[in-house]
Number of protein chains: 2
Amino acid sequence: MSLLRSLRSPSLIRAAHVRYNSSLPDIDAKNLQFTRTSNPKPIPQSSTLVFGKTFSDHMLTIPWNIEAGWGTPEIKPYGPLALDPSCTVLHYAQTVFEGMKAYRQESGRVLLFRPDMNMKRMNSSARRIALPTFNGNALLDVMKELIRLDKHWIPKEPGHSLYIRPTLIGTQKAVGVSPPTDALLFVICSPVGPYYPKGFKPVSLYGTTEYVRASPGGTGAYKLGVNYAPGILPQKEAAKQGYAQNLWLHGPEHYLTEVGTMNMFVVFRKDNGTIELVTPPLDGMILPGVTRDSVLCLARDHASGKHQLPGLADRLVVNERPVTMREVKEASKNGKLVELFGAGTAAVISPVDRIGYQGEDVHIPTGEGGMGPVSRAIWKELVGRQTGAIASDWSVVVCDS
Amino acid sequence: MSLLRSLRSPSLIRAAHVRYNSSLPDIDAKNLQFTRTSNPKPIPQSSTLVFGKTFSDHMLTIPWNIEAGWGTPEIKPYGPLALDPSCTVLHYAQTVFEGMKAYRQESGRVLLFRPDMNMKRMNSSARRIALPTFNGNALLDVMKELIRLDKHWIPKEPGHSLYIRPTLIGTQKAVGVSPPTDALLFVICSPVGPYYPKGFKPVSLYGTTEYVRASPGGTGAYKLGVNYAPGILPQKEAAKQGYAQNLWLHGPEHYLTEVGTMNMFVVFRKDNGTIELVTPPLDGMILPGVTRDSVLCLARDHASGKHQLPGLADRLVVNERPVTMREVKEASKNGKLVELFGAGTAAVISPVDRIGYQGEDVHIPTGEGGMGPVSRAIWKELVGRQTGAIASDWSVVVCDS
C-alpha cells in the first residue's frame, strides 16, 4: 500500500457530520402545494431528445432556513429560480445533487429504481458540504407527486425514461465562507432516450494522470457539484486527443478509479479459469454509485448461486480491490483481460474498447455486439429490474397507470 | 521529496487551457449600459457592518454565449439573478470568483490595489474550469464605473473599504456535464470594516489532517468555488474543538499549506541570527494570493536593501519552500519560532497564537499588540500602499473625488 492509499480512511470521512436543530420541521408531504402550469409545453418526439436538455412542465421546490427548518414543498411550473447574486452556491459551490430514472411500463405503471439509495446518499453528501439533511422518505413522497403529475413526459419507447434531478443548494445571502442559514432543495425532470440508441458502442478512454478527480481527504465519495466542473477541462483535453472519456488514474501506481462520471469495473480471466469482476473499493475517493452497488449485488448473487444470471456460464468471483494500469496492461497483453466497463445511472453500462496510456493504446476486448459476456449478463438483468420486466424489490411503484 | 510532492508539477497544471473562438466579441467598455436604481438603500452605520452581508445599490452583469461571445455590460440595480434550475453552476459548481478592495482616501480619491493581479488570476481560474476568458483591462474599466457610481458606499473610517466580488458562472441550461454554451460574469460590492476593529487578535488554528483543501492534480491553485464549500465542515469541526480556523496540513509529512481561506507564512530565527520568512511554494496546491505576492515582494525588497521596511532591523531571508509541522513544532520548542500568520485580501494579515496538533497545542509567539515583528513591519507598509498613504505603483486610481 502506498502512502497515498494509507490516508484513505473511511472512518475519518464518516466523522464528517453536521447536525442542525432536530426539533425544527422536516420535509412534510402533507404540506405540499400545487400550482399547475397554465401553459403546458409541447412534448418533443422521443427521437429528438438530447440527454438533459429538455425539461418537463413542473418542478418541485422546498426551502430551508436555519431557524424555521424545512418549509412548504411546492410543485409549480418549471421556471427560473430568483437567486440573490451573493448566495453561497454561486460563489462557493455549495451544491449536492442526485440522478435517478423513472421508467414507464406498457401498462402505464411508473417505476423508480432503488430511490432509497439516492435519498441516503443525498443526505450523506449534504452532511459533507454542511447543507441541511432531511427525511428521505418525505422527499421521495413529494417527488412521486411531481412524477405522477408529469408522467406523460416519460417516453414510452424501450430504453427511455424520465431522468430526475434532485438538487440542494446553499442560498445564504452573504459572501463570508460559513455554514448556511438558507438552502433550497429543488427537483427537475428531463425525458431521456437510451444512451446507445443503435446498440452498444464501446468508448475509448484517455488515462488521465495530469489531473485527479478525487484525492484522499477530499470529496470524491460524495455526489457534490465540486467533483464535476473540474473534470470538464480534462475531458476536453482527452477529446482533443481522440478519446471519448477520461479514465481517472490515481497516485504513482496509476490506480484506476472512475471513468468520466461513472464507476468502473474490470473483468480478468484467472489462471484457474475463473472470471474475476473487480471494482475499486469505497476508500473515500470513489462515488458509492447505485448502479455500482447493483452490479456488485447481481454479480455476487450469481457467484454464490443465489441467483444465476442467464447466459453467464463462467465461475465468477467478485472483488472490491485496487487495480493498477500495470495489471490491466499486462492482462491485455497476456489475453487475461475479458472486459472493462463504466457503470452509472445515465448510461447504465458503458463498454470500453481502448485506453490511451503513456503514449500508446491498451486494447480492451469488447465481445460481440460491443459488449463483453459479464457486463451483458448483468446489464440484461439490471435493465429488466429497472424497467420492471423482471420483478424485484428494487422497483418502487410511483403509480399504476 | 515524498511521492505526493513529486506529483505536483506546475507545468502540467499550466497545460490546462481552453481557447474559445477569439474572433468573437470580447468585453467592451464602450457598450456599457446604465440603469440607476430608483430606490437607493439606506447606507448602514460603518460600526454595524458584518463582513460580506451588506451590498451596495448597483451590480454589473456581462453575459457570454459560445456563438455571440461577450455581450453588453450592464450596470443596474442590485437584485436577484433569474437562473434556470438546470444551469451548470447549480449542479456542477462551475464558478470562479475574485476578492478585491476599493479604499477611499480623505480627499475622496478612490483606489484599487493591484487589480491587474485579480484580472489575470480570474482568467487563469476560468481556463481551469472551462469558462470563457476575457480582456481583464476591459472588465476593470467597467468595474471602475460601478465603483464610481457606488463610491458613497465606501466607508470613510480608517481600515474600511468596499469589498468587490467579481464572479463568473456557467449558465448553460442542461444537466449534461460538458463545456458551457453560456456564462454570466457579475460584480457585486460590499462595504466592510477592518477585520480586527479593536487591534490584532491572534487566532488559534486546528491542524487538519482528516481533510485536504487541495491535492496534487487538483484545483487548489485556482480561485474556484469548488475549493471553498468543502472547507465549511472541517471549519465547523475545528470550531467545535475551540479553534478559530483550520491549518491545512498535507501528506504524511504534514506540510503546512494554507490557513482557512488565506495563504500562510512562518518566521524562523536561524542559528546565525538571521530571520527567515517562509511560505509554501506555488506547487499547484497553493492559491497564488495577491496579498501573498505583496508580502513576498515587500520582504524581498527589504532583504535586498532595495526598500527597507521601517521598524524591521533584523537581517531577513525570504524563502518559498515546503514547511512541515515537525519543523514548526521543533522551532516552537527551541525558541526559534518568531511568528506564524495568514495573509489574504479580507484580513490582510492574521496572526496566529497556537496550533492544535495531534492532541496538543503548539505555542506560537505573537509579539506586542498581538503581532510579530516581521508581519507588523510588512502590514504597515502594505496597508499604507493599499490605502494610498504610501505612494506606490500598486495603487490604481478609480476616481479623484
Side-chain angles (χ1 to χ4, degrees), chain A residues 2-4 6-7 12 15-16 18 51-53 55 59 78 80-86 88-95 97 128-130 163 165 167 169-170 173-179 186 188 190 210-212 215-219 224-226 228-233 236 251-252 261, chain B residues 2-4 6-7 12 15-16 18 51-53 55 59 78 80-86 88-95 97 128-130 163 165 167 169-170 173-179 186 188 190 210-212 215-219 224-226 228-233 236 251-252 261:
Chain A
S2 77
L3 291 172
L4 274 171
S6 70
L7 283 169
L12 290 174
V18 182
F51 184 83
K53 290 209 173 178
F55 298 94
M59 64 182 186
Y78 183 96
L81 303 170
L83 296 176
D84 196 88
S86 71
T88 320
V89 64
L90 302 180
H91 301 263
Y92 304 132
Q94 197 174 28
T95 171
F97 70 93
R128 177 60 186 87
I129 204 142
Y163 182 82
R165 170 57 63 92
T167 311
I169 59 176
K173 298 178 188 178
V175 297
V177 182
S178 61
F186 64 90
I188 54 178
S190 174
E210 304 90 330
Y211 304 95
V212 296
S215 288
T219 57
L224 303 178
V226 302
Y228 292 81
I232 297 175
L233 181 68
K236 277 185 80 114
T261 58
Chain B
S2 76
L3 290 173
L4 273 172
S6 69
L7 282 171
L12 291 174
V18 181
F51 184 83
K53 290 210 174 178
F55 299 93
M59 65 181 185
Y78 182 97
L81 303 170
L83 295 176
D84 195 88
S86 71
T88 321
V89 64
L90 302 179
H91 301 262
Y92 304 132
Q94 197 174 28
T95 172
F97 70 92
R128 177 60 186 88
I129 205 142
Y163 182 82
R165 171 56 63 92
T167 311
I169 59 175
K173 298 177 188 175
V175 297
V177 182
S178 61
F186 64 89
I188 55 177
S190 174
E210 304 90 329
Y211 305 94
V212 296
S215 288
T219 57
L224 302 179
V226 301
Y228 292 80
I232 298 174
L233 180 70
K236 278 187 79 117
T261 58

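Here is how names work: the chains are called A, B, and so on, in the same order as the sequence lines, proteins then strands, and each is numbered from 1.
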Closest approach of Gly52(B) to Ser190(B) (non-hydrogen atoms, all atoms of both residues): CA-OG, 3.5 Å

Contacting moiety of Ile169(B), where chain A heavy atoms sit under 4.5 Å: side chain

Best-contacting candidate, Ile232(A), Thr261(A), Thr167(A), Ile188(A), against chain B by heavy atom pairs under 4.5 angstrom: Ile232(A)

Winner by heavy-atom pair count (cut-off under 4.5 Å) against chain A, out of Ser178(B), Gly170(B), Gly176(B): Ser178(B)

Winner by heavy-atom pair count (cut-off under 4.5 Å) against chain A, out of Val175(B), Asp84(B), Thr219(B): Val175(B)

Which of Pro230(B), Gly231(B), Ala174(B) touches chain A most, by non-hydrogen pairs under 4.5 Å: Pro230(B)

Straight-line distance of Tyr211(B) OH to Ser215(A) OG, nearest 0.5 Å: 15.5 Å

Heavy-atom donor-acceptor pair, Arg165(B) side chain to Phe97(B) backbone, under 3.5 Å: no

Close side-chain approach of Leu224(A) and Val226(B), heavy atoms under 4.5 Å: no

Residue, of His91(B), Lys53(B), Lys173(B), that accumulates the most heavy atom pairs under 4.5 Å with chain A: His91(B)

Short side-chain to backbone donor-acceptor contact, Glu210(A) and Gly217(B), under 3.5 Å: no

